[in-house]
Amino acid sequence: GAEREILTWDLFGRAGRELAQAVADDGYEPDVILSIARGGLFVAGSLGYALGVKNLHVMNVEFYEGVGRTLDMPVMLPPVPNAVDFSAKKVLIADDVADTGRTLELVRDFCLDHVADVRCAVVYEKPQSLVKCEYVWKRTDSWINFPWSDQPPVTARAGQVLDA
Ligand code: 5GP
């Protein structure tokens with residue numbers, strides 16, 4: 001759609017609780033929450049508190065736009081979590097949005113080789129996503145504005161930089 005989906009911090013607070021509630025209602029008790037940086041960090045933190053899970057890990061994934069259209073693919077950036085940390089564990093992967101789903105697919109497939117159970121929780125899932133997440137707060141085909149990335153990075157103001 002042409003319209004935008006706006007997620008405010010307020011609404012994100014509710015989304016996190018409701019997403020966690022869906023996980024709990026399903027009877028899934030993850031040992032580990034694996035966040036996909038950076039957007040997934042907020043979701044993972046929220047789910048971690050709401051589900052009482054303290055074991056949080058981070059995976060850094062960058063979507064590289066390759067030359068032309070054939071080489072674009074998400075890649076895992078170091079440090080890649082030690083697979084031993086996940087063996088025989090129930091893992092919940094947390095991210096902000098499954099759009100093409102290729103980022104989640106990469107992380108889920110990495111986990112599938114090593115863990116007992118892996119499931120995905122996202123705030124938003126788009127219809128074309130090739131990963132069908134077990135836990136979705138809202139489905140949309142609009143572009144989403146997230147509260148953590150809807151403003152440009154701050155820059156130092158003149159006179160505010162401390163002398164070294
Ligand atoms: P993928 O296409 O692999 O599912 O998504 C890759 C990443 O692209 C997401 O984790 C997110 O950072 C970014 N992305 C995809 N769709 C949107 C969107 O609608 N809004 C924003 N802000 N980022 C998006």
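Atoms within each ligand, like the ligands themselves, are counted from 1 in listed order. Basis for what follows: all heavy atoms, side chains included, without hydrogens, waters or symmetry-related copies.
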Tell me the closest heavy-atom pair linking [X] and [Y], and the distance in Å.
| X | Y | result |
| --- | --- | --- |
| Leu106 | Pro74 | CD2-O, 3.6 Å |
| Ala37 | Val58 | CB-CG1, 3.8 Å |
| Cys120 | Glu134 | N-OE1, 2.9 Å |

What residue and atom, counting heavy atoms only, is the protein's closest point to [atom], and at what distance?
| atom | answer |
| --- | --- |
| atom 20 (N) of ligand 1 | Ile144 O, 2.8 Å |
| atom 15 (C) of ligand 1 | Asp99 OD2, 3.3 Å |
| atom 10 (O) of ligand 1 | Asp96 OD1, 3.3 Å |
| atom 11 (C) of ligand 1 | Val97 CG1, 3.8 Å |
| atom 19 (O) of ligand 1 | Lys126 NZ, 2.7 Å |

Problem set entry | Numbered atoms of ligand 1 (with element) below 4.0 Å of Thr103, judged on heavy atoms |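 Answer for ligand 1: 1 (P), 3 (O), 5 (O), 6 (C).
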Heavy-atom distances under 4.0 Å decide this one: backbone, side chain, both or neither, for [X] against ligand 1?
| X | result |
| --- | --- |
| Asp95 | side chain |
| Glu5 | neither |
| Leu104 | neither |

For this session: Would you check if there is a donor-acceptor pair between the side chains of Asp26 and Tyr135 at a distance under 3.5 Å?
Result: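 Indeed, the side chains of Tyr135 and Asp26 share at least one donor-acceptor pair under 3.5 Å.
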Exercise. What about Trp9 and Phe42, are their ring centers closer than 6.0 Å?
Worked result: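 Between Phe42 and Trp9, which both carry aromatic rings, the centre distance is below 6.0 Å.
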N or O pair under 3.5 Å between [X] and ligand 1:
| X | value |
| --- | --- |
| Asn145 | no |
| Ala98 | no |
| Ser149 | no |

For this session: Please work out which of Tyr124, Phe63, Trp143 has its closest non-hydrogen atom nearest to atom 23 (N) of ligand 1.
Result: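 That would be Trp143.
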Problem set entry | Nearest-0.5 Å distance that lies between atom CZ in Arg119 and atom SG in Cys133 |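 Rounded to the nearest 0.5 Å, the CZ-SG separation comes to 12.5 Å.
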For this session: Please indicate, with yes or no, if any protein heavy atom is found under 4.0 Å from atom 1 (P) of ligand 1?
Result: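 At least one protein heavy atom is under 4.0 Å away.
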For this session: Scan the protein's non-hydrogen atoms and note whether one is under 4.0 Å from atom 13 (C) of ligand 1.
Result: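 No; the ligand atom in question lacks any protein heavy-atom contact below 4.0 Å.
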Problem set entry | Any side-chain heavy-atom pair of Leu56 and Val32 under 4.5 Å |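 No, their side chains stay 4.5 Å or more apart.
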Exercise. Mind checking whether Gly101 has a heavy atom under 4.0 Å from ligand 1?
Worked result: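 So Gly101 counts as touching ligand 1.
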Exercise. Could you walk me through whether Asp99 and Lys126 pass the salt bridge (Lys or Arg N to Asp or Glu O under 4.0 Å) check?
Worked result: CA-CA 5 Å; Asp99 189 318; Lys126 301 195 183 180; 3.1 Å; yes
For this session: Report the residue from Leu130, Val61, Val131, Val97 that forms a side chain to side chain contact (heavy atoms under 4.5 Å, CB included) with Leu104.
Result: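 With Leu104 as partner, side chain to side chain contact (heavy atoms under 4.5 Å, CB included) holds for just one option, Val131.
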For this session: Begin from the C-alpha positions of Glu125 and Lys138 and carry the test salt bridge (Lys or Arg N to Asp or Glu O under 4.0 Å) through to its verdict.
Result: CA-CA 7 Å; Glu125 185 178 277; Lys138 190 172 180 182; over 6 Å; no
